[in-house]
Amino acid sequence: MLKGKHLIAGEWVGGTTSFQNMPVEGAPDSFAKGEPEHVDAAAHAAEEAFWSYGFTERSTRAAFLRKIAEEIDARGAEITAMGTKETGLPEARLNGERGRTVGQLRLFADHIEAGDYLDRRHDEALPDRAPLPRPDLKMMQRPIGPVAVFGASNFPLAFSTAGGDTAAALAAGCPVVVKGHSAHPGVSDIVAQAIDAAVKACDLHPGVFSQIQGGNRAVGTALVQHPFIKAVGFTGSLAGGRAMFDLCAARPEPIPFFGELGSVNPMFVLENAAANRGKEIATGWAGSLSMGAGQFCTNPGVALLLAGPDADAFEAAAKDALAEIGGQTMLTEGIAGSYHSGADRMAEAASVRSVLKTECTGRTATPFLFSTTAEDFLANHDLAEEVFGPLGLIVIARDAEERLEVARSIVGQLTCTIHMDDADLPAAQSLMPILERKAGRLLVNGFPTGVEVSDTMVHGGPYPASTNFGATSVGTLSIRRFLRPVCYQNFPDGLLPVDLA
Ligand code: NAP
């Protein structure tokens, strides 16, 4: 059952104005609209909660994370029903995403119990060292304080209310204030109920988690500027992320902003792979490109090949495979509108050829395929921008040197992919030093959609893929965003944090 309210420090709080979700089918639901005063109340409660939660034992936080997972699972059917209604995503996808979400929470519970993330170090005192003695030095990672979280429309669970950012921050010992996404307030409402139940069952300070529903952009801007907020985890568009990043940097006390933004995830199909398996790669590309109506930040929007008959055959195979994919419902009307106008812009660009042009209107997306030359791609930076949806651009380079030039020209990416056979090794070796500087994750002979949640995953990359290229928003390493190292010099055991004593 929906509350239709904000959750602020354990209380369900209404508002004077409301907004509605935009269901694919069925009657809309009403939700209290967020206001800056809700932000202030949540941030104060989070700061107060930090003085206990930030000093809890790891086992306490691990139990809390596992309890949240259990409470989400208990509401599984309700979450999926609301998710399909609000986002149009299929039931199987939402069930899978819930599995990933509770899996992340449990993974972080195991991770903090193991304790390696604390990165504990000790330089023993050297009292007799000449010319100067060395003091006893110990170091450990500590939580930074209250964290603000903004989820994305395309992952109503795994990158939203109890998604990766929230799991990482709570695991670190940081209270969380979520700004609910206006595309799926119902899902956010039910997930917040699960977290609320877990906070109460674990007898934690209620300020450890709050959620303010959206419907009002002033909520987001007030949240990132609130003096008690010490970092922001953001998943969303480049435009939104950049606006929030600039606000964080302009604060009297600037704070870190971890924005995970969009990407075109270029795919380099090398000569031998194109000749031997071009059709297979093209078909796989079409599947990855159109999966979930192309609404993935890891969607491989650009494929680069050398000119010749193998590139022509690749294009024909990709066209055939994409033509078979029908219309899919997009997450919101706004996202569908942006997709349609992005496809129109691409079609109108000088030097771009339409390979597959389909008719789609309303909230529906059908795939589009375009082609251009590397020379034109290099001359027109707009062609390298993300169009969020099932749209592919094939870029044809004259020769290997021009291919390197394209690689050098691309901005930061979440992923870059090389399709290669053994005989392509020298070409791949020449690309590698360039691609390594461009992306957080490099793939060979695969497709980037589908991000493993694990110890080695890096989901991030140089700007504009993310605003902080030293970090990842997926996997256990993501906890580092919400920690900072503290050095303790000559501390008696009784004064050290429990984890260091
Ligand atoms: P979005 O429109 O940027 O929204 C994300 C959140 O930011 C929402 O809560 C939104 O509020 C808020 N927001 C955006 N602009 C704002 C502004 N100017 N002032 C205040 N708040 C603002 O992004 P989206 O449509 O949810 O997600 C799609 C994008 O996310 C795509 O570009 C996709 O590639 C990217 N994405 C990236 C990753 C990754 O891990 N790198 C993962 C998933 C998605 P409202 O609720 O008011 O809209």
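The first residue of the sequence shown is numbered 1, and numbering continues consecutively from there. Atoms within each ligand, like the ligands themselves, are counted from 1 in listed order.
- Within the set Arg242, Met244, Gln213, the minimum heavy-atom distance to atom 19 (N) of ligand 1 is found for Met244.
- For atom 36 (N) of ligand 1, the closest non-hydrogen atom of the protein is Cys297 CB, 3.6 Å.
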Could you go through the side-chain contact (heavy atoms from CB on, under 4.5 Å) check for Leu289 and Asn299 one step at a time?
-> CA-CA 6 Å; Leu289 193 65; Asn299 185 0; 3.2 Å; yes
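- A salt bridge links Asp73 with Arg98; the closest basic N to acidic carboxylate O contact falls under 4.0 Å.
- Atom 4 (O) of ligand 1 has His181 NE2, 3.5 Å as its closest protein atom, hydrogens excluded (heavy atom only).
- Of the N or O atoms in Ser263, none lie within a sub-3.5 Å distance of an N or O in ligand 1.
- Residue contacts with ligand 1: His459 is placed with a nitrogen or oxygen under 3.5 Å of a nitrogen or oxygen of the ligand (distance criterion only).
- Atoms of ligand 1 lying under 4.0 Å from any heavy atom of Gly151, numbered from 1 in the order shown and given with element: 5 (C), 6 (C).
- Between the Glu86 side chain and the Thr84 main chain, no donor and acceptor come within less than 3.5 Å of each other.
- Taking only nitrogen or oxygen atoms, main chain and side chain alike, Ser237 reaches within less than 3.5 Å of ligand 1.
- Figure legend: Arg93 and Phe155 shown as a cation-pi pair, the cationic atom lying under 6.0 angstrom from the six-membered ring centre and within 45 degrees of its axis.
- Phe377 is linked by a ring pair (Phe, Tyr, Trp, His ring centres under 6.0 Å) to nothing, counting only residues two or more places apart in sequence or in another chain.
- Between Gly236 and ligand 1, at least one pair of N/O atoms sits closer than 3.5 Å.
- Here the side chain of Ser160 pairs no donor or acceptor atom with the backbone of Gly163 at under 3.5 angstrom.
- Atom 15 (N) of ligand 1 has Gly240 CA, 3.3 Å as its closest protein atom, hydrogens excluded (heavy atom only).
- When non-hydrogen atoms are compared, ligand 1 lies under 4.0 Å from neither the backbone nor the side chain of Gln295.
- Remark: ligand 1 atoms within the under-4.0 Å shell around heavy atoms of Ser182 are 45 (P), 46 (O), 47 (O), 48 (O).
- At a 3.5 angstrom cut-off on N or O pairs, Leu261 counts as close to ligand 1.
- For atom 44 (C) of ligand 1, the nearest protein heavy atom (residue, atom name, distance) is Asn154 OD1, 3.1 Å.
- Glu386 OE1, 2.8 Å is the protein heavy atom nearest to atom 32 (O) of ligand 1.
- For the pair Ser153 and ligand 1, a heavy-atom separation below 4.0 Å is found.
- Between the side chains of Ser288 and Thr449, at least one donor-acceptor pair of N or O atoms lies under 3.5 Å.
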Does the pair Phe296 and Phe388 meet the rule for a ring-ring contact (aromatic ring centres under 6.0 Å, His included), with working shown?
-> CA-CA 8 Å; Phe296 286 109; Phe388 196 54; 8.6 Å; no
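- Regarding atom 33 (C) of ligand 1, its nearest protein heavy-atom neighbour is Phe388 CE1, 3.4 Å.
- Closest heavy-atom approach to atom 22 (C) of ligand 1 within the set Lys179, His184, Arg217: this belongs to Arg217.
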Would you check, one step at a time, whether the test ring-ring contact (aromatic ring centres under 6.0 Å, His included) holds for Phe234 with Phe257?
-> CA-CA 7 Å; Phe234 177 99; Phe257 177 87; 5.6 Å; yes
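- Nearest to atom 7 (O) of ligand 1 by heavy-atom distance, out of Phe155, Phe19, Phe234, is Phe234.
- With sequence neighbours left out, the salt bridge (Lys or Arg N to Asp or Glu O under 4.0 Å) criterion links Glu253 to Lys230, Arg251.
- Listed by number with element, the atoms of ligand 1 under 4.0 Å from a non-hydrogen atom of Gly262 are 34 (O).
- Classification of Asp376 and Arg353 as a salt-bridged pair fails, no side-chain N sitting under 4.0 Å from a carboxylate O.
- Under a 4.0 Å N-O distance rule, the pair Glu452/Arg441 does not qualify as a salt bridge.
- Of the protein's heavy atoms, Phe150 CD2, 4.1 Å lies nearest to atom 12 (C) of ligand 1.
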